[in-house]
Amino acid sequence: MQEQAGVSSVAAKFVPSSSERSSSSALHLEVKEGMESDDEIRRVPEMGGEGAAAPAASGRDGVSAAGTAQPSGAAQKKRGPSPADKENKRLKRLLRNRVSAQQARERKKAYLTDLEARVKELETKNAELEERLSTLQNENQMLRHILKNTTAGSQEARR
């Protein structure tokens, strides 16, 4: 019975708390004693330069279980822009597109307004020219009539 209590107290010393489970030092202690936690058993070994014998767990500070420093960016490969960056770029593109579309609408409206003003101006000028044409045609017709009468009258006077 005493022996079981002693084993329980020894086991309690080596059972890591939740904060120790995430740190590399707790995992290093467990490996020393030959006890593996459930997390250690379920962990898939990393395929890399270290081999599958004892995978090195890195802590938050970038130090592995062996105590060597790892560069923070070396373990992570660049996989392109983050989703937040993609969303930010998409929103900027949408905003630029909206601004560009608004400017195009304003240019079109100004162009149409200019065309409408030009149409009105040309219609006015056309009406003035048609009126002048009509006046000149009437004047021409009267002059021809007068010329006809004067030539006819002068011929009769000669006879």
Side-chain angles (χ1 to χ4, degrees), residues 16-31 36-159:
S17 67
S18 62
S19 63
E20 290 175 332
R21 283 186 208 135
S22 65
S23 72
S24 60
S25 61
L27 292 174
H28 189 62
L29 284 175
E30 289 176 357
V31 173
E36 292 182 338
S37 70
D38 292 340
D39 292 336
E40 188 69 27
I41 292 170
R42 290 186 193 113
R43 183 174 294 136
V44 177
E46 295 179 21
M47 303 305 269
E50 295 207 51
S58 62
R60 290 183 189 163
D61 57 354
V63 178
S64 67
T68 60
Q70 294 177 344
S72 60
Q76 297 178 355
K77 292 182 180 178
K78 292 246 178 182
R79 298 183 186 196
S82 69
D85 288 343
K86 286 183 180 179
E87 182 65 15
N88 193 15
K89 283 185 179 181
R90 186 183 75 84
L91 291 175
K92 283 183 179 179
R93 179 176 41 83
L94 286 175
L95 183 60
R96 281 194 314 264
N97 194 14
R98 285 182 186 158
V99 168
S100 178
Q102 182 62 34
Q103 289 173 344
R105 285 190 291 269
E106 288 172 359
R107 283 192 306 267
K108 182 179 179 182
K109 187 175 180 180
Y111 178 71
L112 287 176
T113 304
D114 185 45
L115 283 180
E116 289 170 352
R118 190 163 179 218
V119 164
K120 191 176 266 189
E121 179 185 319
L122 290 173
E123 284 176 344
T124 305
K125 189 172 183 179
N126 192 27
E128 289 173 4
L129 290 174
E130 284 178 349
E131 186 178 330
R132 186 172 174 199
L133 175 66
S134 176
T135 304
L136 289 173
Q137 284 176 340
N138 287 339
E139 186 179 336
N140 192 13
Q141 188 178 8
M142 283 189 335
L143 289 173
R144 285 179 189 259
H145 185 66
I146 291 171
L147 183 62
K148 185 179 179 183
N149 287 340
T150 54
T151 54
S154 64
Q155 284 178 357
E156 280 182 23
R158 286 188 193 162
R159 288 188 201 173

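Note: hydrogens, waters and symmetry copies are ignored here, and every other heavy atom, side chains too, is used. We count residues from 1, following the sequence as given.
Counting only distance, with no hydrogens or angles, the side chain of T150 and the backbone of L147 share a donor-acceptor pair below 3.5 Å.
Side-chain contact between K89 and D85 is absent, with no heavy-atom pair separated by less than 4.5 Å.
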Validation: residues 112-123 side-chain donor-acceptor distances under 3.5 Å, sequence neighbours left out:
{"from": "T113", "atom 1": "OG1", "to": "K109", "atom 2": "O", "distance (Å)": "2.7"}

Under 3.5 Å, side-chain donor or acceptor atoms of residues 91-102 against the rest of the protein: list the pairs with distances, not counting sequence neighbours.
{"from": "Q102", "atom 1": "OE1", "to": "R105", "atom 2": "NH2", "distance (Å)": "2.8"}
{"from": "Q102", "atom 1": "NE2", "to": "E106", "atom 2": "OE2", "distance (Å)": "3.4"}

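Applying the side chain to side chain donor-acceptor pair (under 3.5 Å) test to N149 and every residue at least two apart in sequence or in another chain returns H145. Listed by chain and number, the residues in a side chain to side chain donor-acceptor pair (under 3.5 Å) with R90 are E87 (sequence neighbours excluded). When the side chain to side chain contact (heavy atoms under 4.5 Å, CB included) test is applied to N126, the partners found at least two apart in sequence or on another chain are E130. Taking R132 as the reference, L136 meet the side chain to side chain contact (heavy atoms under 4.5 Å, CB included) condition, with sequence neighbours excluded. In this structure, the side chain to side chain contact (heavy atoms under 4.5 Å, CB included) partners of R144, at least two apart in sequence or on a different chain, are N140.
Summarising the geometry, atom OG1 belonging to T151 is positioned 11.5 Å from atom CD1 belonging to I146; distances are rounded to the nearest 0.5 Å.
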